[in-house]
Amino acid sequence: MLRDLYELDLSGNHLSGRIPATIGNLSNLETLYLCPNNLSGFIPEEVGKLNKLSTICFFQNKLSGPIPFSITNLTNLNELNLGENKLSGSIPIAIGNLTKLTRLGLFINNLSGSIPVSIGNLRDLTELDLGINNLSGTIPIAIGNLTKLTKLGLFMNILSGSIPDSIGNLRDLTVLNLEENKLSGLIPIAIANLRKLTRVRLEENQLTGNIAAFGVYPSLEYIDLSNNKLYGELSSKWARCHNLTSFKISNNNISGSIPPELGEANKLVVLQLSSNQLSGEIPKEVGSLTSLVELLLSNNSFSGIIPQEIGLLSDLQKLDLEANNLSGSIPKQLGALIKLQHLNLSKNQLHRSIPSEIGHMGSLENLNLADNSLTGKIPHRIGQLQRLETLNISHNNLSGSIPTSFSELLALTSVDISYNKLQGSLPDIPAFHHASIEALKNNSDLCGNVSGLVPCTTASYNHQGRKNNHVIVFVLVPLSGTLVLIFVVLGISYMLCRSGEKTESQEREAEIQNIFAVWSYDGQLTYRNIVQATEEFDNKYCIGVGASGSVYKAELSTGQVFAVKKLHSEPDIGMSSILNAFTSEIRALTELRHRNIVRLYGFCSHSRHSLLVYEYLEGGRVESVLKSEAQAIAFDWNRRVNVVKSVANALCYMHHSCSPPIVHRDISSKNVLLNLEYEAHISDFGTAKILNPDSSNWTSFAGTFGYAAPELAYTMEVNEKCDVYSYGVLTLEIILGQHPGDLISCLFSVPSSSSEALTARNLLLKDVLDQRLSPPTIPIAEEVISITKLAFACLKENPRSRPTMEQVSKELSVSNSASSPELNMARTLGEISAS
């Protein structure tokens with residue numbers, strides 16, 4: 001019936017099921033867009049009959065099975081995008097038949113085997129992305145035939161062997177991404193020929209060779225060579241990469257000194273040279289790098305003094321000089337670094353007193369001056385660092401009492417003042433209440449309510465002063481924040497109105513130019529159809545109510561189904577909160593692209609309603625599934641383990657793959673949605689925080705009680721470890737079948753000698769698992785045990801003791817090797833939480 005059809009575009013819907021084999025009857029079809037949708041099953045072999053096809057876009061679906069061999073018959077193909085699916089098997093050897101291809105995207109699948117040599121036949125290819133698969137073997141020499149290539153992505157596979165010398169033929173290459181493989185051997189000298197490079201990522205391999213192999217790249221913006229085995233000395237030629245913003249070569253064997261000429265690379269934002277064999281003095285020319293946000297030089301052999309010129313780096317947020325041979329005093333000029341968040345000068349030979357100017361660093365979160373020869377008293381001004389979370393001044397020669405101003409350090413969670421000559425009473429704040437004797441011992445005459453210390457006779461801290469400081473924070477921040485958010489939303493509204501004026505042909509042209517882009521709605525069309533589909537947001541369509549808005553199921557006349565969040569407009573909720581939720585969700589979700597994060601299809605700021613339009617997930621919330629007897633039974637151990645892994649992968653992506661990182665702040669069972677296949681999707685980013693280097697991460701409380709990290713009771717600082725704690729609670733809830741509130745309190749929040757804690761620690765794991773399911777058996781039992789261990793690690797009271805989500809995700813991806821699941825399943829919670 002549709003045999004004369006030459007273009008079929010069904011992209012950006014919620015289509016499910018399989019691609020019908022009858023699609024092969026559309027013999028005149030030239031372009032086929034089915035991305036993104038929820039299509040599953042195999043790609044039918046009949047697609048190979050469409051010999052006029054120039055474009056296939058199937059990305060962001062759930063297609064599985066192998067890439068059909070018949071696709072290699074489509075010799076007119078110009079673009080082939082099968083990325084972000086679940087395809088397996090190997091890349092067809094005959095892929096080389098597609099000689100007209102300019103873009104090939106097979107990223108984020110489960111493809112295995114080697115990269116076929118025939119790929120070298122694709123001489124018109126400009127973009128090749130095979131990243132995040134399980135490809136093995138070597139990079140074929142024939143890759144050098146692709147002389148028109150501008151982007152090459154082979155990252156996060158298990159490729160081995162050396163980088164072929166033929167890569168030097170790719171003179172138009174701008175992006176080279178080979179990180180996280182098992183590549184070894186020498187860096188090809190020919191890599192110096194690639195003068196158009198803008199981004200180079202070779203980190204996390206086993207590459208060797210002299211760093212001098214790299215040339216001068218006038219357009220280079222980002223290079224990461226960390227965690228390899230490179231050697232040689234830093235050349236002054238790196239200063240001639242005038243557009244360089246990130247230079248990362250940590251964890252190699254680089255020697256020699258930092259060339260003073262590097263100070264000419266004045267666009268540098270990140271300079272990471274840690275864990276090498278660098279020596280000599282830190283050149284004062286570093287002070288010319290006025291755009292620096294990170295300067296990491298730890299674990300080297302630098303000597304001499306800390307240059308006072310570092311105090312000129314007004315945007316610096318991280319300064320790490322740990323474990324060198326630096327001497328002299330701490331320059332008072334460092335006090336000018338008012339954006340500095342992390343300062344680590346530990347394990348050097350610094351002497352004299354701590355300069356009081358450190359108290360001017362109002363953004364400081366972590367201060368480590370341990371293992372030096374510092375003398376004198378602790379400056380009173382350090383008590384002004386109200387964002388300080390960790391303080392380590394141990395193993396010095398500091399004397400006198402702890403300043404009374406320390407009673408104002410309410411954000412402090414970890415402190416170590418051991419091995420000094422301090423005396424007097426401890427400050428009456430939680431960080432000192434919870435400090436171990438190891439963090440306080442070997443001082444002159446300290447007293448306080450800590451086991452191992454003599455109790456003090458009087459307390460000394462000022463309640464009134466603490467109260468006055470907090471009034472300023474709570475009044476000024478919301479007022480200024482509201483004004484900013486109002487302008488943001490007005491800007492968004494204006495752009496939506498402007499986007500509605502685009503012609504259909506203009507919009508389609510934009511889509512054709514970039515088939516890898518995420519599809520989005522026209523704002524006006526979305527609003528009109530949604531109001532009609534929900535009958536003016538009638539309650540019968542409401543499927544959930546949250547703090548910032550109500551969620552409705554909207555089924556359009558086209559058959560498309562969406563979840564629509566209508567933000568509350570009641571005056572008692574507050575305009576600033578509404579604007580904050582609206583803009584936070586848009587900002588966060590437009591930065592994210594991950595299969596386990598709910599997709600934002602569009603948004604609309606209308607005079608009557610502010611709407612956010614998402615994909616609709618039929619499985620509902622994990623919270624609802626666990627509360628239903630029938631649904632909980634269907635939610636078997638395999639599905640639960642997969643959900644736990646999926647949430648971990650999504651959070652790892654948010655924390656470690658997004659730049660800047662994104663913190664969700666409200667991870668809970670109500671904000672994890674499932675589709676019909678029980679695949680997890682993190683939702684509700686209304687409280688999400690983008691950790692922008694140019695803004696403060698100090699904010700008001702957000703989250704759900706019972707999931708929020710304990711430190712949020714006395715600090716308003718947002719970081720990734722808040723999400724880690726919430727993830728631990730969520731994981732236990734999924735494993736236990738209910739919120740683990742009392743269990744957490746007994747295991748982590750009360751002394752281990754109490755009867756409640758002892759009872760909890762003696763519980764057997766098998767007795768607290770969801771009793772609605774049969775006990776897990778091999779091999780899933782070992783995964784349940786491993787997940788439980790990781791959940792307990794995420795619930796550590798001290799944020800620094802919690803793993804990162806990257807560590808959690810990697811641990812979950814490794815199969816367990818314990819040999820007796822039945823025996824381990826009978827272990828007590830106390831044993832598991834301690835392991």
Side-chain angles (χ1 to χ4, degrees), residues 86 88 110 134 596 619 622-623 625-652 667 669 672 674 677-680 724-744 746-748 758-796 802-803 805-835:
K86 300 178 180 179
S88 56
N110 298 311
N134 297 309
N596 299 119
V622 168
E623 178 187 51
V625 171
L626 292 175
K627 287 181 178 178
S628 166
E629 187 81 16
Q631 292 184 62
I633 292 173
F635 193 24
D636 59 31
W637 291 117
N638 280 298
R639 287 168 171 168
R640 296 189 190 203
V641 166
N642 287 335
V643 165
V644 168
K645 290 181 177 180
S646 296
V647 174
N649 292 338
L651 287 173
C652 176
I667 295 297
S669 57
V672 176
L674 305 175
E677 298 175 3
Y678 291 87
E679 187 174 26
V724 174
Y725 184 93
S726 302
Y727 172 81
V729 178
L730 170 66
T731 299
L732 284 186
E733 183 175 2
I734 292 171
I735 296 300
L736 306 184
Q738 60 184 346
H739 190 279
D742 291 338
L743 185 62
I744 294 175
C746 291
L747 283 173
F748 297 97
L758 290 174
T759 301
R761 293 173 189 278
N762 288 326
L763 285 173
L764 297 177
L765 175 59
K766 67 181 182 67
D767 292 334
V768 297
L769 297 181
D770 195 340
Q771 300 299 302
R772 294 170 292 185
L773 300 180
S774 300
T777 56
I778 300 173
I780 201 70
E782 279 301 315
E783 292 204 72
V784 171
I785 295 164
S786 178
I787 285 169
T788 307
K789 289 180 182 178
L790 285 170
F792 284 151
C794 293
L795 295 172
K796 297 292 187 183
R802 298 171 201 154
M805 287 311 305
E806 185 176 42
Q807 291 169 328
V808 171
S809 181
K810 285 183 178 180
E811 185 69 24
L812 289 175
S813 67
V814 178
S815 60
N816 293 286
S817 58
S819 59
S820 53
E822 295 83 357
L823 176 63
N824 287 338
M825 190 61 71
R827 293 173 63 192
T828 66
L829 296 187
E831 292 173 314
I832 294 174
S833 63
S835 61

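Counting begins at 1 with the first residue of the sequence. This one's a predicted model, so the numbers in the text were calculated from it and none came from an experiment.
- Side chains of V672 and I734 form no contact here, defined as non-hydrogen atoms less than 4.5 Å apart.
- No side-chain heavy atom of E811 sits under 4.5 Å from any side-chain heavy atom of Q807.
- Between the CG atom of N642 and the CG atom of N649 there is a distance of 10.0 Å, given to the nearest 0.5 Å.
- For the atom pair CG (L812) and CD (E783), the distance works out to 8.0 Å, reported to the nearest 0.5 Å.
- Proximity of a side-chain donor or acceptor of Q631 to a complementary backbone N or O of E629 within less than 3.5 Å is not detected.
- We find the SG-CD1 distance between C794 and I667 to be 12.0 Å, quoted to the nearest 0.5 Å.
- Minimum heavy-atom separation, A632 to R640: O-NH2, 2.9 Å.
- Separating the CD1 atom in I780 from the CD1 atom in I787 is a distance of 7.0 Å, to the nearest 0.5 Å.
- The structure places OG of S628 at 8.0 Å from CZ of R772, a figure rounded to the nearest 0.5 Å.
- Of all non-hydrogen atoms in A648 and Y727, the two that sit nearest each other are CB-OH, 3.4 Å.
- Without hydrogens or angle criteria, T788 side chain to V784 main chain gives a donor-acceptor distance under 3.5 Å.
- Residues L790 and T731 have side chains not in contact (no heavy-atom distance under 4.5 Å, counting atoms from C-beta outward).
- Looking only at side-chain heavy atoms (C-beta outward), D770 and F635 stay at 4.5 Å or farther from each other.
- The backbone N or O of K796 lies less than 3.5 Å from a partner atom in the side chain of R802, making a donor-acceptor pair.
- With rounding to the nearest 0.5 angstrom, the CG atom of N596 is 5.5 Å from the CD atom of E679.
- Nearest heavy-atom pair across G728 and L795 is C-CD2, 3.9 Å.
- N110 places no side-chain N or O within 3.5 Å of a backbone atom of S88 that could act as its donor or acceptor partner.
- Under the 4.5 Å side-chain criterion, counting only non-hydrogen atoms from C-beta, P776 is not in contact with V641.
- Between the W637 side chain and the S774 main chain, a donor and an acceptor come within less than 3.5 Å of each other.
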